[in-house]
Protein chains: 2
Amino acid sequence: MSDVARVAGVHKATASRALNPLTSGQVNQATARRVLAAARQLGYTPNATARSLRTSRTHTVGVLIPDLTNPLFPPVVRGIENVLFPRGYTALVANTDNEPDREAAHFEALLGRQADGFILATGRRDHPLLVSAHERGIPAVLVNRGTDDALYPLVTGDDPAGMTAAVDHLVALGHRRIVHLAGPAGLSTGLRRSQAYRHAVAAHELDARLVECESYTADAGERAMVALLTEAGERPTAVVGGNDLIALGALRAIRAAGLRCPEDVSLTGFNDMPFLDELRPALTSVHVPTHELGVEAARLLLEQIEGAPAVAKTISLPLRLVVRDSTAPPS
Amino acid sequence: MSDVARVAGVHKATASRALNPLTSGQVNQATARRVLAAARQLGYTPNATARSLRTSRTHTVGVLIPDLTNPLFPPVVRGIENVLFPRGYTALVANTDNEPDREAAHFEALLGRQADGFILATGRRDHPLLVSAHERGIPAVLVNRGTDDALYPLVTGDDPAGMTAAVDHLVALGHRRIVHLAGPAGLSTGLRRSQAYRHAVAAHELDARLVECESYTADAGERAMVALLTEAGERPTAVVGGNDLIALGALRAIRAAGLRCPEDVSLTGFNDMPFLDELRPALTSVHVPTHELGVEAARLLLEQIEGAPAVAKTISLPLRLVVRDSTAPPS
DNA sequence: CTGAAAGCGCTTACAG
DNA sequence: CTGAAAGCGCTTACAG
């Protein structure tokens, strides 16, 4: 920047003002033009590090997700990026694998890099990191998964409505024995969907039957379904997966047991991850607007960074059931 | 840090030396312990911004990918992160959507943030950005897709070997009319795989027949397959997709035409993206070790950042054909 | 409208 | 082994 100032024949303070859109009004138009020209000529790129040190704003936000490899998260991250980038922010994405140590290590690293705020999509319902962040006045927003103590805004899908839509659909098809392969109760989505399932079946005066999976994975879903199929008692005619991966695992177990979907067992997923359409049978699922989740979270975070207080409100985005080929009337 | 120094009763220069593992040897052990204790007590986190300004190293690398939502890239990014994070680096991931303007804008933004280096997985074979980066001595590594001018190291799958394995497999099953639904020739993978396809069929003294798709998407694959099926001449008995998405689109078109896979048309993909196993038929594909690609790229970048020259070598990782249910002898 | 000066929080050659 | 000082590249109150 000193070079730019010299070429333009002004003091570097003036160059700084001319180059910053917010302060360029304080500078004579002709002078500003000269500075801009000099900057272009020299191929000048402002040093964001120096700027940050001076202003104590890095225009950087930390995004903590469990695992980028889970198809739920890439669209969330893109939604976040799409609102952040045009406003001059960049996202530092870190994968925690739902391990508290990794999460804490990344959180510390991001704090050291002076992130202006955080978006957390990580799972546990109980979250010591957040308490200390809140005490320190650090802006943050939660996506998809809440914590028991509401300290920060949460952007999430309307899981109860989505779960109700899935159960109602199965009941309308004529199913009476509808089992829920639930996500871990230690995750807020797992708990919330399980509760919604109980309410939904109760509303139809059906019995709740629920198997908790160890994790939101196909393998866990397969194990749970195998266990369910070897249990005594009448076989269920419909299974509601806690998410799509659990449903995929259940599908494997259904086939391995020599059963057909949807003829013998109807099956629904949750999240509507990509390529469900290409499966045979194409999987009925509850669509979650993941991109919009990211967009809303980024907006709320930006508001906080710009001074709005961290209100622990919840923003629920509507979900919709996408009916495909894995659900049919019981035979 | 001044606070830490005061509490420990030393000058901040000494505190700085004690806190940095590389310089803590220069400090009396007892003094160092006092500083560490003070830092812990105050909950001190070093300000990476200030450090960067002083050392002109941000421990940050820019990762430019086309689209995080393409299942090829998340594992690459995780591989990158897995080597970067333990070494104190973080990745700034940006999506370019293969648009030159977006790419240039992100590149500029990352340069302004003083990224220590770049990993580029973006597509075009011709790349003005890279030329200017190279002139400026900026460390960089390419992943998966190379450029025509070799300026930087490239880490990629051994596409020719993968393509040859796919064609050989189909020939061994008895296929003679094998078509390639190619990726765009403007992308280096598209060109490279097409060439390998031509060589592979020529080696079996078969005619090459190739349809170029507009992009690496299911829709483009579907359009290309529809066009192919409406052409005059003998219908092919096997189709080699330029990637899995193209193959998925081809599968749609095959079905829409009332044909069965693999009975009427055998089909292979490329990349072996997640969940191909769950498709019916499960798709035969060439497995690309995406995580390893990211790991190797990050290693090479770190070497450059630490002073190694940017040698334009190519590192080819082995690929292997995963045979599933979408390929069978012609009927 | 512009300049001169101070300072953001570190690191590191230079003395001692 | 430790301290005092300079400086990384910006921004911004304060004068003029």
Sequence neighbours excluded - ring pair (Phe, Tyr, Trp, His ring centres under 6.0 Å) pairs with any residue from residues 80-104 of chain B: H106(A)-F85(B), H59(B)-Y89(B)

Here the distance between atom P of dC8(C) and atom CZ of R113(A), to the nearest Å, is 23 Å

N/O donor-acceptor pairs under 3.5 Å from side chains in residues 291-306 of chain A, not counting sequence neighbours:
| residue | atom | partner | partner atom | Å |
| --- | --- | --- | --- | --- |
| H291(A) | NE2 | N82(A) | ND2 | 3.1 |
| E296(A) | OE2 | R299(A) | NH1 | 3.2 |
| Q304(A) | OE1 | A140(A) | N | 3.1 |
| Q304(A) | NE2 | A140(A) | O | 2.8 |
| E306(A) | OE1 | R87(A) | NH2 | 3.3 |
| E306(A) | OE2 | R87(A) | NH2 | 2.9 |

Quick tally for nucleotides 11-16 of chain D: nucleotides whose base has a protein heavy atom under 4.0 Å get B, sugar-phosphate-only ones S, the rest -, giving BBB---

Stems where DNA chain D pairs, listed by first number, each of three or more Watson-Crick or G-U pairs under 3.5 Å: C:1-3 with D:14-16, C:5-12 with D:5-12, C:14-16 with D:1-3

Before giving the answer on side chain to side chain donor-acceptor pair (under 3.5 Å), spell out for E103(B) and T122(B) the whole-Å C-alpha distance, their side-chain angles and the decisive distance to 0.1 Å. CA-CA 9 Å; E103(B) 182 167 335; T122(B) 60; 3.2 Å; yes

Do you know which of L19(A), T14(A), N20(A) makes side-chain contact (heavy atoms from CB on, under 4.5 Å) with R17(A)? T14(A)

Nucleotide dG3(D), atom P - distance to CZ of R6(B) in whole Å: 14 Å

Centres of the F107(B) and F118(B) rings: under 6.0 Å? yes

If you look at every strand shown and take non-hydrogen atoms under 4.0 Å, does G112(A) touch a base, only sugar-phosphate, or nothing? nothing

Figure out the CD/C1' separation between Q26(B) and dG3(D), and round it to whole Å. 13 Å

Rounded to the nearest Å, what distance is computed from the CG atom of residue L53(B) to the P atom of nucleotide dC10(C)? 12 Å

Is T31(A) touching bases, backbone alone, or none of the nucleic acid, heavy atoms closer than 4.0 Å? sugar-phosphate

Distance-only donor-acceptor hits, side chain of residues 31-48 of chain B, under 3.5 Å, sequence neighbours excluded:
| residue | atom | partner | partner atom | Å |
| --- | --- | --- | --- | --- |
| R34(B) | NH1 | A8(B) | O | 2.5 |
| N47(B) | OD1 | T49(B) | N | 2.8 |
| N47(B) | OD1 | A50(B) | N | 3.0 |

Regarding R192(B) and T156(B), is there a side-chain donor-to-acceptor distance under 3.5 Å anywhere? yes

Salt bridge (Lys or Arg N to Asp or Glu O under 4.0 Å) involving D97(B) - partner list, sequence neighbours excluded: R78(A), R102(B)

